[in-house]
Amino acid sequence: MKIGVLALQGAFYEHEQALRRLGAECVEIRRPVDLRGVCGIVLPGGESTVQGKLLREEGLLAPLREAIEGGMPAFGTCAGLILLAKEIVNDPNVYLGTMSVAVRRNAYGRQLGSFKAVADMGGIKDFPMVFIRAPYIERVEGEAEIVATVDGHIVAAREKNMLVTAFHPELTEDLRVHEYFLHMAEGV
Ligand code: GLN
């Protein structure tokens with residue numbers, strides 16, 4: 001199975017390593033042509049404003065949005081979650097805007113810029129969650145469902161072909177969230 005990893009900025013390489021360890025083939029997405037033959041897409045963490053600007057400049061925003069709206073499985077972590085959200089409550093930008101969630105950028109403030117937690121994510125028990133200047137989800141709407149919360153805040157959600165986490169599963173040795181996404185991609 002060939003999975004595209006958006007490689008404009010941020011922690012894309014760590015996602016590739018996790019996916020390869022699970023036996024997936026990975027291709028780095030930098031231009032629209034790279035999307036050919038890809039059957040799932042990972043949107044990594046990093047800086048959503050930079051990633052959004054580069055998506056526009058590279059002409060990737062519209063083709064990616066169409067592919068995801070057309071059912072391509074998408075997994076957004078941290079900045080990737082922000083790119084997928086229909087609403088960013090503390091930022092007027094909308095990037096891909098395919099997922100019915102309202103997200104707050106840098107939601108934990110400066111003091112709690114980076115921290116770790118262990119929590120369940122759906123059927124995945126005790127997942128180690130690494131948060132780095134993380135957003136959290138304030139609301140899910142429509143068909144979006146909450147799949148994990150930490151301290152009362154929504155940190156993972158799913159809607160049809162889209163999965164998002166506010167944390168970074170690619171920065172731990174635990175591959176269960178990537179495995180979950182690959183199962184989603186296989187089911188399409
Ligand atoms: N703070 C970043 C943003 O707003 C997200 C941080 C991350 O991806 N680790 O885009």
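Start at 1 and go down the list; that is how both ligands and their atoms are numbered.
- Of the protein's non-hydrogen atoms, the one nearest atom 7 (C) of ligand 1 is Cys78 SG, 2.7 Å.
- By the neighbour-count criterion of 12 heavy atoms within 6.0 Å, atom CZ of Arg31 is sparsely surrounded, having that number or fewer from other residues, nucleotides or ligands.
- Protein heavy atom in closest approach to atom 4 (O) of ligand 1: Arg105 NE, 2.7 Å.
- By the 6.0 Å contact criterion, CD on Glu145 is open, its count of non-hydrogen atoms from other residues, nucleotides or ligands being 12 or less.
- Salt-bridge check for Glu87 with Arg139: passed, with a basic side-chain N closer than 4.0 Å to an acidic carboxylate O.
- Note that the CG atom of Asn106 and the OH atom of Tyr136 stand 11.5 Å from one another [nearest 0.5 Å].
- Heavy atoms of Gln51 come nearer than 4.0 angstrom to ligand 1 in no pair at all.
- Summary of contacts: the protein heavy atom closest to atom 1 (N) of ligand 1 is Asn106 OD1, 2.6 Å.
- Using cut-offs of 30° and 60° for the angle between ring planes, the Phe127 and Phe167 rings count as tilted.
- Set against the non-hydrogen atoms of His168, the atoms of ligand 1 under 4.0 Å away are 7 (C), 9 (N).
- Close approach of ligand 1 to Ala79 is summarised as follows: ligand atoms under 4.0 Å from at least one heavy atom of the residue are 8 (O), 10 (O).
- Using cut-offs of 30° and 60° on the angle between ring planes, the pair Phe75 and His178 is perpendicular.
- Every atom of ligand 1 with a heavy atom of Ile82 under 4.0 Å away is listed here by number and element: 3 (C), 4 (O), 10 (O).
- At under 3.5 Å, not a single nitrogen or oxygen of Thr77, backbone or side chain, sits near a nitrogen or oxygen of ligand 1.
- Neither the backbone nor the side chain of Thr49 has any atom closer than 4.0 Å to an atom of ligand 1 (non-hydrogen atoms only).
- Electrostatic pairing of Lys53 and Glu57 counts as a salt bridge here, judged by a charged N lying under 4.0 Å from a carboxylate O.
- Listed by atom number, the atoms of ligand 1 under 4.0 Å from Gly45 heavy atoms are 8 (O).
- Residue nearest to atom 5 (C) of ligand 1, selected from Ala134, Gly46, Ser48: Gly46 (by heavy-atom distance).
- Of the possible polar contacts, none joining the Gln51 side chain to the Gly80 backbone as a donor-acceptor pair under 3.5 Å is found.
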